[in-house]
Amino acid sequence: MIRASIAGASGYAGGELLRLLLDHPEVEIAQAQSERFTGDRVSSRHPNLRGRTEHRFVALGELQPCDALFLAFRHGEAERRIDELDGLAPVLVDLSADFRLRDPRRFAVWHGREHERPEWLARFVYGLPELHREALRDARRASGVGCNAACAILALLPLVRAGLLDMTRDVVCDLKVG
């Protein structure tokens, strides 16, 4: 049984992850973290989980070591807190965009700001198994892929592999979310 905790569990991504992990036969939820809702029942923020968990949100400083720690913070928060969180679990999965890009220059281009901890970027494996399945098997740190990025990458991947795209030109993917 894997004991997993979720930091940032009161938001949408954290709630969906809780819902999925509660149904996983090999995962036990150790803790759910939220600074704003510390002490409140998880189901007070996620009514769909009523009757499925009795967990209460804990503060960040109360997180205990576990087997896997998921970071479901808003973008920018995981990179600020990475040093204090990394030692809590042998496996760390960040759902934000903080560690998706390995190159600090590309991060600055796409995010419009410098990464606060650029030395950490290369320590994460981009979590798209279609691209990095072997690296993910033994990864200690993995980044979430992002739904829009995953859709674009998976749609273009067969074209790239078949040599049908001119890689010297920009590719534009127009996604609608709503």
Side-chain angles (χ1 to χ4, degrees), residues 1-21 24 26-36 57-157 160-161 167 171 173 175:
M1 187 67 82
I2 295 170
R3 291 182 39 82
S5 293
I6 302 170
S10 61
Y12 177 76
E16 284 299 293
L17 182 57
L18 274 166
R19 180 182 63 77
L20 292 168
L21 292 179
H24 197 293
E26 296 177 25
V27 174
E28 173 190 346
I29 301 297
Q31 292 179 294
Q33 182 276 331
S34 171
E35 290 302 291
R36 186 171 172 199
F57 292 114
V58 301
L60 195 63
E62 296 174 33
L63 280 175
Q64 298 295 311
C66 56
D67 300 317
L69 177 61
F70 292 86
L71 307 180
F73 296 128
R74 68 184 59 149
H75 302 309
E77 194 68 23
E79 70 187 79
R80 280 191 282 283
R81 298 181 178 273
I82 190 64
D83 287 319
E84 65 186 288
L85 296 170
D86 185 58
L88 289 173
V91 174
L92 188 70
V93 179
D94 178 39
L95 303 184
S96 76
D98 291 5
F99 298 101
R100 290 179 189 161
L101 299 173
R102 297 176 72 93
D103 182 341
R105 292 178 307 241
R106 295 189 74 175
F107 183 93
V109 168
W110 288 103
H111 294 276
R113 65 176 178 81
E114 299 294 320
H115 197 282
E116 291 189 33
R117 301 303 310 277
E119 69 276 14
W120 280 87
L121 291 173
R123 298 178 191 179
F124 280 77
V125 175
Y126 186 60
L128 191 61
E130 291 83 355
L131 292 179
H132 303 291
R133 185 173 309 277
E134 290 306 313
L136 284 166
R137 286 187 202 284
D138 299 317
R140 183 167 139 31
R141 300 175 191 99
S143 67
V145 296
C147 52
N148 291 339
C151 289
I153 290 167
L154 294 176
L156 294 171
L157 188 59
V160 170
R161 287 184 173 159
M167 298 306 292
V171 175
C173 294
L175 294 118

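Not measured: the values here are computed from a predicted model.
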- Which atoms form the tightest heavy-atom contact between L92 and L85, and what is the distance? CD1-O, 4.4 Å
- Message: Distance check, rounded to the nearest 0.5 Å: L63 atom CG versus L88 atom CG?
- Response: 6.0 Å
- Before giving the answer on salt bridge (Lys or Arg N to Asp or Glu O under 4.0 Å), spell out for R81 and E84 the whole-Å C-alpha distance, their side-chain angles and the decisive distance to 0.1 Å. CA-CA 6 Å; R81 298 181 178 273; E84 65 186 288; 3.7 Å; yes
- Query: Are the charged groups of R141 and D86 less than 4.0 angstrom apart, N to O?
  - Reply: yes
- With a 4.5 Å heavy-atom cut-off, do Q33 and F73 have their side chains touching? yes
- Message: Rounded to the nearest 0.5 Å, what separates atom CG in L71 from atom CG in D98?
- Response: 9.0 Å
- With distance as the sole test, does E26 use its side chain to make a donor-acceptor pair with the main-chain N or O of I2 at under 3.5 Å? no
- Student check: side-chain heavy atoms of C173 and L156 closer than 4.5 Å: yes
- If you count the non-hydrogen atoms of other residues, nucleotides and ligands that lie under 6.0 Å from CZ in R113, is the total more than 12? yes
- Item | Main-chain N/O of E116 paired with E79 side-chain donor or acceptor, under 3.5 Å | yes
- Item | Check: R133 side chain, L128 main-chain N or O, donor-acceptor pair, under 3.5 Å | no
- Message: Using every non-hydrogen atom in the two residues, find where A139 and V125 come nearest and quote the distance to one decimal.
- Response: CB-CG2, 3.8 Å
- Do the rings of H111 and F107 sit parallel, tilted or perpendicular, given the 30° and 60° boundaries? parallel
- Task: State, to 0.1 Å, how close G127 and V145 come at their nearest heavy-atom pair, and which atoms those are.
- Result: C-CG1, 3.2 Å
- Message: Distance check, rounded to the nearest 0.5 Å: E134 atom CD versus H132 atom NE2?
- Response: 12.5 Å
- Query: Is there a donor-acceptor pair closer than 3.5 Å between any side-chain N or O of Q64 and the backbone N or O of E62?
  - Reply: yes
- List the atom of R140, the atom of A89, and the distance in Å for their closest heavy-atom pair. NH1-O, 3.2 Å
- Query: In Å, rounded to the nearest 0.5 Å, how long is the span from CE of M1 to CG of D67?
  - Reply: 10.5 Å
- Would you say the side-chain atoms of R102 pair up with the backbone N or O of L121, donor to acceptor, closer than 3.5 Å? no
- Query: Does the side chain of I82 reach to within under 4.5 Å of the side chain of F124, using non-hydrogen atoms?
  - Reply: yes
- Taking side chain as C-beta onward, heavy atoms only, is Y126 less than 4.5 Å from I153? yes
- Note on the structure: Distance col, row I29:CD1 vs L18:CG, nearest 0.5 angstrom, shows 5.0 Å
- Heavy atoms of L131 and L157 approach each other most closely as CD2-CD1, 3.7 Å
- Task: Provide the closest heavy-atom pair for A108 versus E114 in the form atom of the first, atom of the second, distance.
- Result: CB-OE2, 3.7 Å
- Atom pair CZ (R117) and CZ (R80), whose distance is rounded to the nearest 0.5 Å: 12.5 Å
- Query: Donor-acceptor pair, H75 side chain versus A97 backbone, under 3.5 Å?
  - Reply: yes
